Amino acid sequence: MFLNSQTLASLRFFEAAARKLSFRKAAAELHVTDGAVSQQIKHLEEALGQKLFLRLPRRIALTEAGERFAATVRKALAEIEDEARAISVGDTRTEIRVRVNPSFALRWLMPRVGDFYAQHPGSKLFMIGEYGDIDLSERDFDITIEQAVHPLTGLHSERLFDEYITPVCTPAYLQGHPLNTPGGLAMCTLLHDAHAWSGSANDAEWQVWLQEVGVLQIPASQGRFFSLADMAIQAALNDQGVAMGRTALVGDLLKAGALVAPFALKVKSPASYWLAFPSAYSETPAIEIVGNWLRSEVKRFLAQSPF
């Protein structure tokens with residue numbers, strides 16, 4: 001079987017139906033009739049000699065072959081769109097949409113953005129505060145900074161820097177809860193970022209740290225849980241307990257004395273910070289400007305880190 005023009009035209013219909021799991025919703029998105037979508041899917045299945053969808057009562061579902069093909073088609077169409085966008089904008093792009101975890105944005109990126117504009121007054125950054133798995137078929141950013149264990153699939157990824165973690169609290173909390181050894185944490189409230197990285201357990205950071213320093217008698221799952229690291233840090237600033245501090249998020253607070261690290265025991269996090277963008281943008285001048293600025297900021301940050 002080879003892909004002729006009609007089969008290639010069917011791919012967009014298939015991608016929409018596979019993403020929506022509905023011929024009707026795919027038709028609405030593509031501004032065609034339900035019958036048109038159904039006909040295109042039928043043609044594609046005949047060309048492939050494989051059923052891509054199970055027609056069930058009141059719904060459709062992808063077959064195993066459909067699941068595999070959908071992933072391939074989604075990636076291919078995303079790459080085509082990225083390349084087309086890169087060609088169409090040429091050297092004229094000035095606004096870059098940056099996706100970044102809200103906590104990292106607030107604690108690390110925002111204090112540095114003023115320097116970016118001072119160095120590049122003609123550039124614009126549109127910040128998108130999001131976290132979680134990225135759906136490349138609905139990507140709304142040009143470049144992203146992600147805390148992840150592995151490089152991001154489907155994007156050009158480079159490690160910006162590794163992350164290290166250690167417990168932090170306020171001087172006042174420490175005064176009321178002496179922590180001469182890590183075992184003293186048994187008398188403290190642990191504060192958790194329940195989404196430390198994609199796929200992590202709710203207590204992942206505390207698990208990693210306690211196991212690495214050999215404190216196994218304290219249950220990592222005790223304490224209070226938050227959906228953002230910044231919320232856990234704020235709870236620590238309000239004397240509610242001990243948060244797991246990340247290099248990037250608490251460095252300035254440690255320097256200012258707002259937080260203290262009771263132990264000289266930092267542990268490498270399983271997750272690092274990654275800079276990622278579509279490969280088609282690798283030579284886009286505006287992307288190069290942002291990437292180079294981030295690399296220089298990371299170099300300066302690591303040289304000044306209190307960890």
Side-chain angles (χ1 to χ4, degrees), residues 98-110 127-135 141 144-153 155 157-170 173 182 185 188-216 218-238 240-254 259-263 265-276 294 298 301-302 305-307:
V98 182
R99 181 187 193 268
V100 60
N101 179 288
S103 296
F104 184 82
L106 290 169
R107 296 289 177 181
W108 193 90
L109 191 57
M110 289 301 100
M127 297 294 181
I128 303 170
E130 293 178 354
Y131 68 95
D133 294 337
I134 295 173
D135 183 351
F141 61 86
T144 183
I145 306 168
E146 297 291 321
Q147 189 180 16
V149 177
H150 304 292
L152 279 67
T153 301
L155 296 171
S157 298
E158 62 179 87
R159 195 191 309 269
L160 274 179
F161 60 97
D162 291 326
E163 183 61 284
Y164 290 84
I165 54 178
T166 195
V168 295
C169 63
T170 62
Y173 189 87
L185 287 165
C188 299
T189 300
L190 306 186
L191 306 173
H192 301 261
D193 173 9
H195 301 289
W197 58 83
S198 179
S200 67
N202 288 352
D203 58 355
E205 288 183 311
W206 276 104
Q207 276 189 43
V208 168
W209 192 85
L210 290 170
Q211 289 175 8
E212 191 68 22
V213 302
V215 179
L216 306 180
I218 298 176
S221 58
Q222 73 95 340
R224 301 172 186 172
F225 294 81
F226 306 88
S227 64
L228 293 173
D230 194 54
M231 297 169 72
I233 293 170
Q234 190 59 51
L237 288 168
N238 294 144
Q240 294 179 27
V242 183
M244 187 52 67
R246 298 176 196 157
T247 310
L249 305 190
V250 301
D252 289 343
L253 295 170
L254 290 173
L259 293 176
V260 294
F263 316 110
L265 297 169
K266 67 177 184 179
V267 170
K268 187 176 181 299
S269 171
S272 302
Y273 290 101
W274 298 84
L275 174 66
L294 283 169
V298 165
F301 163 72
L302 293 178
S305 175
F307 276 69

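Since the structure is predicted, the reported quantities are computational estimates derived from the model, not experimental observations.
Partners of Ser227 under the side-chain contact (heavy atoms from CB on, under 4.5 Å) rule, at least two apart in sequence or in another chain, are Tyr131, His195, Met231. Residues satisfying the ring pair (Phe, Tyr, Trp, His ring centres under 6.0 Å) criterion with Tyr164, sequence neighbours excluded, are absent altogether. Every side-chain contact (heavy atoms from CB on, under 4.5 Å) that Gln222 has, sequence neighbours left out, goes to Leu190, Pro219. In terms of the side-chain hydrogen bond (donor to acceptor under 3.5 Å, both in side chains) criterion, Ser157 has no residue partners (sequence neighbours excluded). Applying the salt bridge (Lys or Arg N to Asp or Glu O under 4.0 Å) rule to Glu158 yields the partners Arg295; only residues at least two apart in sequence or on another chain are considered. Annotation: side-chain hydrogen bond (donor to acceptor under 3.5 Å, both in side chains) contacts of Asp193 (sequence neighbours excluded): Arg246. Considering only residues two or more places apart in sequence or on other chains, Val260 meets the side-chain contact (heavy atoms from CB on, under 4.5 Å) condition with Cys169, Pro171, Leu174. Under the rule for a side-chain hydrogen bond (donor to acceptor under 3.5 Å, both in side chains), Ser221 has no partner lying at least two apart in sequence or in another chain. Not counting sequence neighbours, the partners of Thr189 by the side-chain contact (heavy atoms from CB on, under 4.5 Å) test are Tyr173, Leu191, Arg224. Arg107 is linked by a side-chain hydrogen bond (donor to acceptor under 3.5 Å, both in side chains) to Asp230, counting only residues two or more places apart in sequence or in another chain.
Applying side-chain contact (heavy atoms from CB on, under 4.5 Å) to Val208 and the options Asp203, Val267, Val213 leaves one that passes, Val267. Results of the ring-ring contact (aromatic ring centres under 6.0 Å, His included) test with Phe301 over Phe104, Tyr273, Phe161 single out Phe161 as the only residue that passes.
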Problem set entry | Chi angles and distances behind the side-chain contact (heavy atoms from CB on, under 4.5 Å) call for Val98, Phe141 | CA-CA 6 Å; Val98 182; Phe141 61 86; over 6 Å; no

Problem set entry | Asn101/Trp197 under side-chain contact (heavy atoms from CB on, under 4.5 Å): CA gap, chis, key distance, verdict | CA-CA 10 Å; Asn101 179 288; Trp197 58 83; over 6 Å; no

For this session: List the steps and the verdict of side-chain contact (heavy atoms from CB on, under 4.5 Å) for Trp274 and His150.
Result: CA-CA 9 Å; Trp274 298 84; His150 304 292; 5.7 Å; no

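The structure places CG of Leu259 at 11.0 Å from CG of Leu249, a figure rounded to the nearest 0.5 Å. The CG atom of Leu152 sits 5.0 Å away from atom CD1 of Ile134, with the distance rounded to the nearest 0.5 Å. Here CG of Leu106 is found 8.5 Å from CG of Leu228. Values are rounded to the nearest 0.5 Å. Separation of atoms OG1 (Thr170) and CG (Leu237) is listed at 7.5 Å; rounding is to 0.5 Å.
Between Val168 and Leu253, every side-chain heavy-atom pair lies at or beyond the 4.5 Å cut-off. Contact annotation: the side chain of Gln211 approaches that of Leu216 to within less than 4.5 Å [non-hydrogen atoms, C-beta and beyond]. Looking at Trp206 and Val242, their side chains come closer than 4.5 Å, going by heavy atoms from C-beta outward. Counting only heavy atoms from C-beta outward, the side chains of Val215 and Leu185 never approach each other to under 4.5 Å. For the pair Glu146/Ser198, no side-chain contact is recorded, criterion being any heavy-atom separation below 4.5 Å from C-beta on. Using a 4.5 Å cut-off on side-chain heavy atoms (C-beta onward), Gln147 and Ser272 make no contact. For the pair Leu109/Leu294, a side-chain contact is recorded, criterion being any heavy-atom separation below 4.5 Å from C-beta on.
The main-chain N or O of Thr247 is never found under 3.5 Å from a side-chain atom of Trp108 such that the two would form a donor-acceptor pair.
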